[in-house]
Q: 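Take this structure, written in structure tokens, and hold onto it; I'll ask about it next.
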Number of protein chains: 2
Amino acid sequence: MTPDHVFTALASPARRELLRLLRDEGAQPAGRLAERFDMSRPSVSEHLRVLRDAGLVSETRKGRERHYRLEAAPLMEIRDWLGPYERFWRERLATLTAVLDEMEDDDAR
Amino acid sequence: MTPDHVFTALASPARRELLRLLRDEGAQPAGRLAERFDMSRPSVSEHLRVLRDAGLVSETRKGRERHYRLEAAPLMEIRDWLGPYERFWRERLATLTAVLDEMEDDDAR
DNA sequence: TTGATATGTAGGAAAAATCCTACATATAGT
DNA sequence: ACTATATGTAGGATTTTTCCTACATATCAA
């Protein structure tokens with residue numbers, strides 16, 4: 001029930017950058033993605049595997065290339081997970097607003 | 001600018017459970033939190049430290065106890081991070097809807 | 001078929017995370 | 001002052017993650 005693998009996959013900056021690239025530039029072959037990193041191609045390949053295991057990317061073979069595509073569905077789980085916490089930062093925001101109001105009162109005084 | 005520490009902190013099931021407890025039951029002393037885990041108290045203490053470093057909990061000393069409180073603000077960063085991906089699962093949902101519509105058409109036929 | 005290209009996998013070194021058992025520290029109560 | 005309680009920190013064993021260099025596999029092009 002807990003989106004374990006998704007959170008783990010997102011914990012790596014390299015993997016988040018991969019997701020961003022696929023989001024902003026569309027599906028791409030593994031090699032083209034790897035070029036953008038200061039890391040060996042096999043390491044990027046491994047990161048792609050982790051993302052695939054988490055369901056965050058899908059792989060389709062195009063000739064000798066493998067195109068990776070962003071699969072955003074698992075991110076909905078993260079969003080759902082965040083849901084019950086929203087109340088808390090709303091409260092925080094309310095507190096902040098109250099403080100700011102008080103400061104304005106001080107200014108006016 | 002990237003919420004690195006926050007994602008890392010959320011990668012652990014134990015730490016997510018700590019956040020949930022603080023969310024559902026309010027601020028609590030470290031020991032009371034530790035009782036809920038199959039893990040040694042010092043290990044829970046360490047997890048609380050990671051959460052504190054990520055800004056996800058705050059600590060206030062009450063006598064010889066230390067009360068931990070949920071600080072949900074960093075979770076806003078996660079929510080913001082998700083923003084640009086929303087478009088994608090909307091598309092996914094649209095595709096799913098289209099498929100379901102087609103299935104309905106098949107039924108009617 | 002032969003050689004070049006695109007990519008995954010194996011194996012292992014190094015770094016980081018996890019979790020434990022002492023131990024240190026600080027406060028409360030007697 | 002003395003003892004018990006609440007909790008953090010140190011040090012270390014174990015596991016996991018990360019990243020590398022070969023190497024294997026598959027496809028394309030001539």
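Keep in mind that the numbers below use all heavy atoms, side chains included, and drop hydrogens, waters and symmetry copies. Proteins get letters first, then strands, A, B, ... in listed order; numbering begins at 1 in each. Computed from a predicted structure; not experimentally measured.
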Q: Using a cut-off of less than 4.0 Å, is there contact between a side-chain N or O of A:H47 and OP1 or OP2 of D:dT17?
A: no
Q: Between A:R23 and B:F88, is any pair of side-chain heavy atoms under 4.5 Å apart?
A: yes
Q: What is the distance, to the nearest angstrom, from the CG atom on B:L18 to the P atom on C:dT18?
A: 12 Å
Q: Which sits closer to the 5' end of DNA chain C, B:R64 or B:A14, going by the nucleotide each is nearest to?
A: B:A14
Q: Counting distance only, does the side-chain N/O of B:R16 pair as donor-acceptor with the main-chain N or O of B:L10 below 3.5 Å?
A: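 Yes; judged by distance alone, with no hydrogens or angles, the pair exists.
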Q: Rounded to the nearest 0.5 Å, how far does CZ of A:F7 lie from CZ of B:F7?
A: 8.5 Å
Q: Please tabulate, one pair per line, each protein N/O and nucleotide N/O from nucleotides 20-24 of chain D that are separated by under 3.5 Å, including the distance.
A:
| unit_1 | atom_1 | unit_2 | atom_2 | d |
| --- | --- | --- | --- | --- |
| D:dC20 | OP1 | A:S40 | N | 3.2 |
| D:dC20 | OP2 | A:S40 | N | 2.7 |
| D:dC20 | OP2 | A:S40 | OG | 2.7 |
| D:dC20 | OP2 | A:S43 | OG | 2.7 |

Q: Between D:dT7 atom P and B:R52 atom CZ, what is the distance in whole Å?
A: 14 Å
Q: Rounding to an integer number of Å, can you tell me how far B:H67 NE2 sits from D:dT5 C1'?
A: 14 Å
Q: Output the single nucleotide from C:dT7, D:dT18, D:dT17 whose closest atom is nearest the side chain of A:T8.
A: D:dT17
Q: Could you tell me the separation between the CD atom of A:E65 and the P atom of D:dT27, rounded to a whole number of Å?
A: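 These atoms are roughly 13 Å apart.
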Q: Hey, are A:E86 and B:R79 close enough for a salt bridge, meaning a charged N less than 4.0 Å from a carboxylate O?
A: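 Yes, this pair counts.
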Q: Answer yes or no: is there an ion pair linking B:E46 with B:R49, defined by an N-O contact shorter than 4.0 Å?
A: yes
Q: Can you pull out the residues from residues 21-35 of chain A that lie within a 4.0 Å heavy-atom distance of DNA chain D?
A: none
Q: Measuring to OP1 and OP2 of D:dT27, would you say a side-chain N or O of A:R66 lies under 4.0 angstrom away?
A: no
Q: Using heavy atoms to find the nearest nucleotide of DNA chain D for A:S12 and B:L48 separately, return the residue whose nucleotide is more 5′.
A: B:L48
Q: Within this structure, what is the CZ-to-C1' distance between A:F37 and D:dC19, rounded to whole angstrom?
A: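 My rounded result for the distance is 14 Å.
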Q: Using whole Å, report how far CG of B:D53 lies from P of C:dA16.
A: 15 Å
Q: Please report the distance, rounded to the nearest Å, between CZ in A:R16 and P in D:dT17.
A: 16 Å
Q: Hey, is the side chain of A:Y68 poking within less than 4.0 Å of OP1 or OP2 on C:dA6, counting only N and O atoms?
A: no
Q: Whether the side chain of B:Y85 engages the backbone of A:R20 through a donor-acceptor N/O pair (distance < 3.5 Å, no angle test) should be reported.
A: yes
Q: Indicate, with yes or no, if A:V57 and A:V50 share a hydrophobic cluster defined by side-chain heavy-atom contacts under 4.5 Å among Ile, Leu, Val, Met, Phe, Trp and Tyr.
A: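 Hydrophobic grouping puts A:V50 apart from A:V57.
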Q: When you check the phosphate oxygens OP1 and OP2 of C:dT7, does a side-chain N or O of A:S45 lie under 4.0 Å from one of them?
A: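 No, outside the criterion.
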Q: Would you call B:E25-B:R36 a salt bridge at under 4.0 Å N-O?
A: yes
Q: Taking B:M39 as the starting point, is it possible to reach B:L51 by hopping between hydrophobic residues whose side chains are less than 4.5 Å apart?
A: yes
Q: Tell me: CG of B:L51 to P of C:dA17, nearest whole Å?
A: 14 Å
Q: Salt bridge check, B:R32 against B:E35: does any charged N sit closer than 4.0 Å to a carboxylate O?
A: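 Result for this pair is no, no salt bridge flagged.
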